[in-house]
Amino acid sequence: MKRKIFAGAILLAANLMVLSCGNKQKSNDEAESANSTENVTTADDPEEVADVDDEEVGPSRGIDAIRSVWAGKSIKVDAAGATPDIKQLTLAFCKTYPQCATNEALRQFLVSPDASKDESRVSLKTPDEDIDINYQISCNMPNAYIRCMGEVQTDRFTYSCFWNRQNGHKLLAVYMEECWESTAWDQCLLVFYDYDPATETLTPEPALTNMVEKRMKDYACYFVRLPEEGKDIEITGVESEEEEAYASEDYKLKWNGNTFDWEE
């Protein structure tokens with residue numbers, strides 16, 4: 001479905017996007033096997049955090065470093081034999097990939113005494129300008145949702161949620177966005193992991209990310225809305241900018257109890 005969105009409206013909409021996932025669906029169907037990977041990252045080990053290229057010229061988004069390595073690294077979750085909640089799964093991811101400022105704000109919140117709260121705020125200094133930026137954090141534990149949003153004019157946020165799979169595993173989704181003064185295709189990253197309770201490990205599922213990026217590759221940029229209600233993911237591909245309006249097209253990924261399919 002094509003539509004036009006005024007630039008101010010799409011910025012506001014992106015800033016207000018929230019997500020949650022139903023986490024009670026069960027059936028007897030077998031789930032598809034997760035993609036295998038040889039490298040396993042222990043989220044508590046700071047030496048295992050993905051490297052950042054210090055020699056890059058010009059401004060670089062934190063998610064650039066994450067994009068280059070995430071699909072090849074599994075993450076160990078400190079679940080201690082219990083069923084992890086959205087905070088534990090998100091903490092494991094953010095410990096491993098703190099390069100994105102909203103991930104680091106989430107990490108600091110989730111290891112702090114305030115981690116039991118559903119609302120909080122974390123202040124971080126920018127690495128290059130010694131400026132304090134506040135990050136709003138909101139959790140909805142029953143709906144397996146957590147959000148971190150930077151209090152800046154451009155979109156800076158991390159959302160995560162999970163779905164319960166039919167085989168007893170969980171599918172974790174994390175969506176990050178770092179927008180500068182103008183939008184760009186590489187300003188966002190959507191990643192997926194299968195959580196296996198037997199091994200307490202998050203294993204990347206890059207096939208789902210590739211499915212989204214393949215559909216979006218011809219757009220100038222795109223936005224992802226993880227579900228606030230229901231189970232489906234909404235994606236808007238922005239075709240072009242005409243004066244102060246964006247020409248865009250909406251898509252939906254339908255949850256089938258194990259993974260996602262494009263709604264035709």
Minimal non-hydrogen separation, I137 against L106, with atom names: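 Shortest heavy-atom contact: CG2-CD2, 3.9 Å.
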
Residue among F162, F192, Y195 satisfying side-chain contact (heavy atoms from CB on, under 4.5 Å) with L171: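 The side-chain contact (heavy atoms from CB on, under 4.5 Å) with L171 is passed solely by F192 among F162, F192, Y195.
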
Check ion pair R67-E213 (N to O, under 4.0 angstrom):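 Salt bridge flag = yes for E213 with R67.
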
Test: K170 and D196 ion pair at under 4.0 Å: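 Here K170 does not pair with D196 in a salt bridge, since their nearest N and O are not under 4.0 Å apart.
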
C188 SG to E178 CD distance, which is reported to the nearest 0.5 Å: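 Taking SG in C188 and CD in E178, the distance rounds to 10.5 Å.
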
Between CD1 on residue I146 and SG on residue C94, distance to nearest 0.5 Å: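 Between atom CD1 of I146 and atom SG of C94 there are 7.5 Å.
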
Heavy-atom check, side chain of F93 versus side chain of I75, under 4.5 Å: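 Yes, at least one pair of side-chain atoms sits under 4.5 Å.
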
Side chain proximity check, Y145 to S138, heavy atoms < 4.5 angstrom: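 When only atoms from C-beta onward are counted, S138 and Y145 do touch, with a gap below 4.5 Å.
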
Aromatic plane relationship, F157 with Y175 - under 30° parallel, 30 to 60° tilted, over 60° perpendicular: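 Geometry flag for F157 against Y175: tilted rings.
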
With F260 via ring pair (Phe, Tyr, Trp, His ring centres under 6.0 Å) - residues at least two apart: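 With sequence neighbours excluded, F260 shows a ring pair (Phe, Tyr, Trp, His ring centres under 6.0 Å) to W163, W255, given in chain and number order.
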
Donor-acceptor pair between T236 and R225 side chains, under 3.5 angstrom: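 The answer is yes; a qualifying pair exists.
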
Donor on one side chain, acceptor on other, T90 and S160, under 3.5 Å: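 Distance-only check passes for T90 and S160.
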
